[in-house]
Amino acid sequence: MDKPTAPKPGAMLHLRGNTLSEGDPVALPLTHSSMYHVPGDWNGGPSYGRADNATWEHLEHVLGYLEDAPVLAFPSGMAAITASLFATVKAGSRILIPSDGYYVTRRLSERFLQNLGVEVEQRPTASFAEGGFEGVDVVFAETPSNPGLDLCDLRAVSDAVHAAGGLLIVDNTTMTPLGQRPLELGADVVVASDTKAPGGHSDVLMGHLATRNEDVLQAARDWRMIGGGIPGPQEAWLAHRGLETLEVRFDRMCNTAEVLAERLAAHPLVQQIRFPGLASDPSHELAKQQMVRFGFLISITLYSAGQADAFINNCPLIRAATSFGGVHTSAERRARWGDAVAPGFVRISVGTEPAEELWSAMAASLDALQT
Ligand code: PLP
C-alpha cells in the first residue's frame, strides 16, 4: 500500500462557503443556545444543547473532512480519549497502553478503568508489538510518543491487532491529520487533542474522535450525550478558527523543526536529540514510511536540570510552558511532571517564528550555558 497523503486543505477552507446562500455570513456563526424551537411532536431535529449544536457540528464536519471519517468533537483531548475507551471496553476487557505516552492516559486507565474490572497492560512504544496482541481487546497506541518521540509501526501493529481479534485506537495528537493518517494505516479509531496544533493559539481546549466503525461511533456519541461532556460552542468556534490556518502553521512549524533539529544535533551541549526527521534518529526509516511530515516536536537532553531550565528561561523566543503546538515556541523540562526521562531532557514545541530568528535566539541561549 502507498504511503497515505494528507487531504486538500484548500477544499477544507471552502467546505462551508460552497453551501452559502446570498447574504449568509462567510465566517462561521456562533450558536449559543441550550434550547431549540420544537413545537408539537419531535421530528428528529435539534432539540437540546447537550445533543445538538450547529457550531460544534460544523467543527466536526471540517475535522471529518481532514480525517476522511465521521468525527465527534469533545471538550478536550482527554475527553475524546476517555470516550474512546468507555465506548470500547467493558468489565473483563484487557487493554494495552503505552508506558511512555501521555501520562494522563495511564492515569485514566489505572485510576478508573482498573477499578471497573479492566486489565491494563503497558509497553514502551519502541517495542510495542513485541509480545503480540493475543487476548488484548483494545490496543491504544501513541506515535510519536509524548514526550520521548519514539515510534511504532502503525501498519504492522494494526495488522497484528486485527489478526488477534482486537481493536486499535491511535492518539494522533503529536501529528494532526495533516502529518499522519492512522486510519489509512489500519487503525480503527483516532483520538486527538485539538488543544495543540489544530487550535494553535494556546487559547482553547478541544479534542476529537474519528472512526469509520459505526458501533464505536454510536457508543462514543451516546457516551458524550449521556455523560454530558460536550464542547462549549465558543470553544468549538475558536477551534474551528484555528483549523482554518492549521495547514499554514503546521507547514511552517514542521519546516522550521527540520532546520533546528540539524543545528541542535550539532551543538556540543546537546547530549542527545530525538526528532523523527533526522537521518540519525532510530525511527527515521519508519518515520519516512508512515508519516506525512516529521512534526514540530524536538526533544533534546542537556547535561543537567539546571542547564535545561537556563536554556529555556534565558531564551526570549521560548515560552516556558507545558503543552505544545501553539504559534509561540515553547519548551519544558519533562522530569518536572515525573516522566521517566533524564533530568536535562527538554521537549521543544517549535512555533511559527521565522526559522533564522528562532535559531539565533536558541543558539545564543545554548551558547550562554558554556560560560
Ligand atoms: N494526548 C496527548 C499525546 C497529549 O499530549 C495530550 C495533552 O498534552 C492529550 C492527549 C490530552 O489533551 P487535552 O489536554 O486537550 O485533554
Side-chain angles (χ1 to χ4, degrees), residues 56 59 63 67 71-86 97-109 111-112 122 124-125 128 139-152 154 169-177 179-180 182 187 189-210 220 223-224 227 229-232 235-236 238-240 242-243 246 253 274 276 291 295-299 319-326 328 330-334 336-341 345-350:
W56 94 46
L59 171 68
L63 283 166
E67 294 284 11
V71 158
L72 295 169
F74 288 87
S76 67
M78 279 317 301
I81 290 172
T82 304
S84 74
L85 290 170
F86 275 81
I97 59 174
S99 56
D100 53 350
Y102 182 52
Y103 74 106
V104 182
T105 304
R106 290 197 295 284
R107 289 192 65 196
L108 168 71
S109 307
R111 174 82 173 80
F112 292 104
Q122 300 189 14
T125 298
F128 208 55
V139 174
F140 186 101
E142 184 184 310
T143 175
S145 59
N146 170 26
L149 304 183
D150 270 324
L151 266 57
C152 65
L154 284 177
I169 303 172
V170 175
D171 183 338
N172 201 34
T173 298
T174 51
M175 290 313 297
T176 87
Q180 183 168 260
V189 182
V190 162
V191 286
S193 168
D194 298 313
T195 310
K196 316 300 182 196
H201 297 75
S202 314
D203 54 10
V204 66
L205 278 91
M206 191 59 59
H208 75 267
L209 176 156
W223 167 261
R224 181 179 70 174
I230 53 162
E235 286 73 17
L238 276 172
H240 173 266
L243 271 186
L246 173 62
M253 287 153 64
R274 291 301 305 272
M291 295 162 76
F296 53 81
L297 292 176
I298 303 173
S299 67
R319 300 277 50 83
T322 197
S323 196
F324 53 84
H328 321 92
S330 64
E332 69 169 339
R333 189 168 50 74
R334 284 301 298 184
R336 67 182 181 168
W337 302 115
D339 282 345
V341 291
F345 176 100
V346 178
R347 184 189 65 202
I348 303 169
S349 171
V350 176

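Remember, predicted model here, so these are calculated numbers, not experimental data. Just so you know, these numbers use all the heavy atoms, side chains as well, and skip hydrogens, waters and symmetry mates. Counting starts at 1 for both ligands and their atoms, in listed order.
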Pairs flagged by side-chain hydrogen bond (donor to acceptor under 3.5 Å, both in side chains) wherever residues 190-201 is involved - sequence neighbours left out: Ser193-Thr195, Asp194-His208, Lys196-Ser323
Counting each atom of ligand 1 from 1 as listed, which ones have a heavy atom of Ser76 under 4.0 Å away? 15 (O), 16 (O)
Counting only heavy atoms, tell me which of Met78, Arg347, Lys196, Met175 gets closest to atom 16 (O) of ligand 1. Met78
Among all protein heavy atoms, pick out the one at the shortest distance from atom 4 (C) of ligand 1; state its residue, atom name and that distance to 0.1 Å. Tyr102 CG, 3.5 Å
Does Thr174 have a heavy atom less than 4.0 Å from any atom of ligand 1? no
Quick check: does any side chain N or O of Thr125 sit under 3.5 Å from a backbone N or O of Cys152, one acting as donor and the other as acceptor? no
the protein heavy atom lying closest to atom 5 (O) of ligand 1 turns out to be Asn146 ND2, 2.8 Å
Glu142 N/O under 3.5 Å from ligand 1 N/O: no
A student checking ligand 1 against Phe324 at a 4.0 Å heavy-atom cut-off should list atoms 5 (O)
Taking distance alone, with N or O pairs closer than 3.5 Å, would you say Gly77 contacts ligand 1? yes
To which protein heavy atom is atom 1 (N) of ligand 1 closest, and what is the distance rounded to 0.1 Å? Asp171 OD2, 2.6 Å
In chain order, what residues pass the side-chain contact (heavy atoms from CB on, under 4.5 Å) check against Ala331, with sequence neighbours excluded? Ile312, Ile318, Val346, Ile348
Considering residues, nucleotides and ligands other than Arg336, do more than 12 of their heavy atoms fall under 6.0 Å from its CZ? yes
Is the ring pair Phe86/Trp223 parallel, tilted or perpendicular, if the boundaries are 30 and 60 degrees? parallel
Quick one: does Ile81 get within less than 4.0 Å of ligand 1, heavy atoms only? yes
